[in-house]
Trainee: 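My structure is below; once you've seen it, I'll send some questions.
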Amino acid sequence: MTKLYNDPADFRQELLDGFVAAYSRLVRRVPNASGVMALGAPQPGKVAVVIGGGSGHYPAFCGYVGPGLADAAVMGNVFAAPSAEQVYRVTKAVAADRGVLYCYGNYSGDVLNFDLAEERCREEGLDVRSVRVTDDVASAGKGQEADRRGVAGDFFVFKAAGASAVRGDALAEVERLAAKANQRTRSFGVAFGGCTLPGQREALFHVAPGRMELGLGVHGEPGVESSHMRPAAEVANLLVTALLADTPSGAGGRVAVLVNGLGSTQYEELFVLYKDVHQRLLAAGLEPFQPIVAEAVTSLDMAGCSLSLLWLDEELQPLLEAPCRSAAYTN
Amino acid sequence: MTKLYNDPADFRQELLDGFVAAYSRLVRRVPNASGVMALGAPQPGKVAVVIGGGSGHYPAFCGYVGPGLADAAVMGNVFAAPSAEQVYRVTKAVAADRGVLYCYGNYSGDVLNFDLAEERCREEGLDVRSVRVTDDVASAGKGQEADRRGVAGDFFVFKAAGASAVRGDALAEVERLAAKANQRTRSFGVAFGGCTLPGQREALFHVAPGRMELGLGVHGEPGVESSHMRPAAEVANLLVTALLADTPSGAGGRVAVLVNGLGSTQYEELFVLYKDVHQRLLAAGLEPFQPIVAEAVTSLDMAGCSLSLLWLDEELQPLLEAPCRSAAYTN
Amino acid sequence: MSAVVVVTQSLHKAVDVFQAREQELGRLDAAAGDGDHGATMLRGLRAADAAVGGADPQSAGDLLVQAGEAFADAAGGASGALFGAFFTAAGRKLSTGDESAAGVSEALRAGLALVVKLGKAVEGDKTLIDALSPFVAAFDAAVAGGEGAASAWHVALPAAEKGAAATAAMVARRGRAARLGERSRGGVDPGAQSVVYLLSAVDAVLQESCAANSSIL
Amino acid sequence: MSAVVVVTQSLHKAVDVFQAREQELGRLDAAAGDGDHGATMLRGLRAADAAVGGADPQSAGDLLVQAGEAFADAAGGASGALFGAFFTAAGRKLSTGDESAAGVSEALRAGLALVVKLGKAVEGDKTLIDALSPFVAAFDAAVAGGEGAASAWHVALPAAEKGAAATAAMVARRGRAARLGERSRGGVDPGAQSVVYLLSAVDAVLQESCAANSSIL
Ligand SMILES: Nc1ncnc2c1ncn2[C@@H]1O[C@H](COP(=O)(O)OP(=O)(O)O)[C@@H](O)[C@H]1O
Ligand SMILES: Nc1ncnc2c1ncn2[C@@H]1O[C@H](COP(=O)(O)OP(=O)(O)O)[C@@H](O)[C@H]1O
Ligand SMILES: [Mg+2]
Ligand SMILES: [Mg+2]
Ligand SMILES: [Mg+2]
Ligand SMILES: [Mg+2]
């Protein structure tokens, strides 16, 4: 339950103020807009990577702004996509001379608003492209990959886009690589308990004691299936099985791994889970590459976790390995 | 509530296995001991910094092992100090030729076990010193600083010790600087909800709806005072006031700041809180230095947060600024 | 009552209505989505109301454009973009056309067309379209049958209500809820319900104005 | 029943007792500490029991030393170090001294002395000392009065129980709970309660052994 707030209507504004006050060594507020930009932006000679979405998912999105990652993040209200107007303003603030790539999770609200901003920028002659993250296998079946929503896989796609942009790749190339990272990323999550919007007393949803929800969305969208709670080893098995069943075409044997906590689930639990995830991946003949066990894309105080795999190749691996610096992730 | 586990009796073992499997690029398991050591340890020419304590506080303690931070972490069971035997074994595994510094929170169990290990090592001719972190102003009054327990201030003390050791300082100097960092660090915390030990169905304590506990310990030790829940701005005021009232002697005007989440409290809430913390520090004539808003020392899934301030000087600031790399903190 | 006053009073009324309905709409959204629909609509309407309240008296169309822009920006999310686009497109049409019943009808059609173009939903997808589209058709028919705007509005309202109610039996194919498949069946679509509350707020203003025996609409 | 058998059977019995008491001791610890005392004791006792069970039959003193080391290592925490030290120091004394009642008395005193030395607690600090110290004194007195070990143990047990019960009214001055000041008053100290359960487990074994009319102790 959200406990620390003043007027719930000011929540987005105040969290951005606090974020920028804390991390002024990395970011500043986009003037007159609900967004955060890297200190060095706009950076001539570089494609600008603009990420964004609703609030409530920190480190997504503002935690990933900085050198080697995003140039800016547009921040909507809790669980609400930012408006097209805000996306537009942030874009104008960070666009340099090589164009702009939008990267965001594939949700109706985000698509509508980023698309409107993209159209407006294009009318002004600014080259803007978009890569929508669609990693959640629970949200649409095989063959409908483009309809899937974006969850923790955001992290891999942002990292790939940021690393490509910072080394000077052209917009079409940054777009291609981000799209490729997305095309090869799969996630699946489970939830054990609901989250509560600031100022609300009732949780968005409840998970009955002793049960868990499979495939639940990061905004509390109900899962695709409900199950009794299982030991960590079985949950690991279930997550790995769901992803391997959806292995993307052209996949190799090396996978970047992200075990993501949604909010209330402890790091210790994530490590207990990872123990078996690791063994299952090895057993499936896969080589886990620089696994990350952390809170990368949260959902307020939801209890639960997800597993994301990115099947690497020789193009993508260096992008994940590349250095970067941001409030939430430094490599 | 802890949800992801197998046999609760295996929790420590499994989380360590998972941690080491995930971060094998940074750490490895200490052979035959409940601990984690940096890949480069033992490192000749360098004082070894050994941290540790009970599990349930990730990133403390194993998340802070790596270059520029600790050489090893000894990990006890959940909320139980590691045994003297384990401390001893880990010490022997990472001690090089410049001695060893123990850094840990000041709790009866930790003191007893680290002291026993220290004594045993000394008998073997190994120079071991200890710095106990005592930052929690809620746990003992002024004049009794040495009786205070260690909470999120651990982070600053570990960072100072790690940075001093890695640049080649002698043991006495590493000890002096870690002790100085501790002497100048103050923390105060509030809790909004209890945490649950793995396998237990009942929380360790409960905070009634609409109330909060002031000065609660990171293991659920009851707070020094109970209060009605307040808006974030008032909580910020209360935290800053408590720390400023306890300003250490010799304090300057620049303070390192850590707003620490205990587990279930959202990052967004911590930023909303930080907005007012920042303003209050400025109003008090203090200059916040590279603030960190993160989960640095957690308490399973407890809801709550703490504020830590380290009054810097020209010796300590470079230690905090120095580069480091670990699973949880890279600078 | 002038068309300008109808717009400003309707927004004012809508703020009251959505304040009372915020929790209910949130719960409808929580059933299959993310629970923010009530808060999003209220945020948008407050901003629209404020934008229009501060503006110099202009044409109703210009006011609607301003309201739509303020709504879209403050609300965000899917409904911010879609309701905002509806207001803006309707306002544009109104300010270039006339404020007769036929002009209002054209404006509504323009608004609906943009929402469909942006959101790509068709009737039966369990979205706000399921309330808005039948309303616009019924309003059109009433106007073609010779009704004035206020009376056509009142006559058409049940079509929106019926459309919204029918979403309960639908499986979502657009928006957040679309990922749920069969599990999205059972609840009324929050966006469709909001359409009903919005149109009802306008209706209330129009009926009051008729009772006071004004003319324009 | 030999002293070796008393040690092994007592540990075995203690595992059963603490299994039944784990939750209760956890709750006592949660009141002012961190709630892990029951789990910690049980973990330690299981390890001690396993270590001793696997060992070749040796002297009771050596077994106690091994039990103490296994206990301390597996339990961790404050009680791991302190109970472990008690067993180890008592065992060392027993294996260098004799296994008569006077020898047991000396061993108990050696154990207590190390616990006091390490933990620096005195009676009244609301720790396990408040149960252990009166027990050792009462045992001593009973032995001095001519009782055999088993009967002295039985006679001394109420002193531990009384000491543990008295901790409820104390303010903690050592260990985790010491930070609470006045708020630590009210509950029995978990470590003191564990002393009672441990001593009672030994007593049960000794009384059975007497009933079976054995001799050594
Ligand atoms: N593509 C779309 N076309 C038409 N209406 C849509 C579309 N996507 C979403 N909606 C409408 O928006 C409503 C949800 O609004 P809201 O909760 O405010 O946005 P979000 O889904 O971004 O949280 C849905 O109930 C539906 O009526
Ligand atoms: N310094 C000390 N001297 C004597 N006994 C102590 C001391 N510190 C703690 N204890 C005992 O240990 C008990 C707590 O044990 P336990 O919960 O297992 O350890 P921890 O405090 O490390 O969680 C207390 O109830 C008290 O009896
Ligand atoms: Mg939303
Ligand atoms: Mg403990
Ligand atoms: Mg919604
Ligand atoms: Mg304890």
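Letters A, B, ... mirror the listed sequences (proteins, then strands); counts begin at 1.
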Trainee: Which atoms of A:Asp10 come close to chain B, meaning under 4.5 Å heavy atom to heavy atom: side chain ones, backbone ones, both, or neither?
Mentor: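 Neither the backbone nor the side chain of A:Asp10 comes within 4.5 Å of chain B.
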Trainee: Side chain, backbone, both or neither: which part of B:Asp276 has a heavy atom under 4.5 Å from chain A?
Mentor: side chain
Trainee: Between A:Thr2 and B:Glu269, does any side-chain donor sit less than 3.5 Å from a side-chain acceptor?
Mentor: no
Trainee: Side chain, backbone, both or neither: which part of B:Thr298 has an atom under 4.5 Å from a heavy atom of chain A?
Mentor: side chain
Trainee: Would you check if the side chain of A:Asp17 reaches a backbone N or O of B:Val272 as a donor-acceptor pair within less than 3.5 Å?
Mentor: no
Trainee: With a 3.5 Å distance limit and no angle check, can you tell me whether A:Glu268 reaches the backbone of B:Gly56 through a side-chain donor-acceptor pair?
Mentor: yes
Trainee: Output the distance between atom CD (B:Gln13) and atom NZ (A:Lys275), rounded to the nearest 0.5 Å.
Mentor: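 One finds 9.0 Å between CD of B:Gln13 and NZ of A:Lys275.
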Trainee: Heavy-atom distances under 4.5 Å only: say whether B:Thr265 touches chain A with side chain, backbone, both or neither.
Mentor: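 Side chain only.
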Trainee: Pairing donors with acceptors under 3.5 angstrom, does anything connect the side chains of B:Glu295 and A:Tyr267?
Mentor: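 Their side chains do contain a donor-acceptor pair, which is all the 3.5 Å distance test asks for.
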Trainee: Given a strict heavy-atom distance threshold of 4.5 Å, which part of B:Arg12 is in contact with chain A: side chain, backbone, both, or neither?
Mentor: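 Neither the backbone nor the side chain of B:Arg12 comes within 4.5 Å of chain A.
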Trainee: Where does A:Arg201 contact chain B at under 4.5 Å (heavy atoms): side chain, backbone, both or neither?
Mentor: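 Interface part for A:Arg201: neither.
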Trainee: Heavy-atom cut-off 4.5 Å, strictly under: side chain, backbone, both or neither for A:Ala303 against chain B?
Mentor: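 For A:Ala303, no heavy atom lies under 4.5 Å from chain B.
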Trainee: What's the verdict on side chain to side chain contact (heavy atoms under 4.5 Å, CB included) for A:Val207 and B:Lys3, showing C-alpha distance, side-chain angles and the deciding distance?
Mentor: CA-CA 12 Å; A:Val207 181; B:Lys3 297 278 189 170; over 6 Å; no
Trainee: Hey, are the side chains of B:Leu4 and A:Val235 touching, using non-hydrogen atoms and a 4.5 Å cut-off?
Mentor: yes
Trainee: Would you mind reporting whether B:Tyr23 and A:Phe271 have side-chain heavy atoms less than 4.5 Å apart?
Mentor: yes
Trainee: Which atom pair, heavy atoms only, marks the closest approach of A:Asn6 to B:Pro231?
Mentor: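 Here A:Asn6 and B:Pro231 meet closest at OD1-CB, 3.5 Å.
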Trainee: Where on B:Leu273 is there a heavy atom nearer than 4.5 Å to chain A: the side chain, the backbone, both, or neither?
Mentor: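 Side chain only.
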Trainee: Under 4.5 Å from any heavy atom of chain A, what part of B:Leu26 do you find: side chain, backbone, both or neither?
Mentor: neither
Trainee: Looking at chain A, which one of B:Arg25, B:His278, B:Met1 has the largest number of heavy-atom pairs inside 4.5 Å, strictly under?
Mentor: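 With the most close heavy-atom pairs to chain A, the winner is B:Arg25.
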Trainee: Using heavy-atom distances under 4.5 Å, tell me whether B:Cys195 contacts chain A through its side chain, its backbone, both, or neither.
Mentor: neither
Trainee: Of all the heavy-atom pairs spanning B:Pro291 and A:Ala22, show the shortest one and how long it is.
Mentor: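 Closest approach of B:Pro291 to A:Ala22: CD-O, 3.2 Å.
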Trainee: Is chain B contacted by the side chain of A:Cys305, its backbone, both, or neither, given a heavy-atom distance below 4.5 Å?
Mentor: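 Looking at A:Cys305, just its side chain touches chain B.
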Trainee: Can you check whether B:Gln266 reaches A:Val78 side chain to side chain, under 4.5 Å on heavy atoms?
Mentor: no
Trainee: Tell me, out of A:Glu234, A:Met229, A:Gln290, who's got the most heavy-atom pairs with chain B below 4.5 Å.
Mentor: A:Gln290
Trainee: If only atom types and distance count, is the side chain of B:Asp301 paired as donor or acceptor with the main-chain N or O of A:Ser264 below 3.5 Å?
Mentor: no
Trainee: From A:Leu270 CG over to B:Tyr58 OH, what is the distance, rounded to the nearest 0.5 angstrom?
Mentor: 9.5 Å
Trainee: Tell me, for A:Leu16 versus chain B, whether the close heavy atoms (under 4.5 Å) come from the side chain, the backbone, both or neither.
Mentor: neither
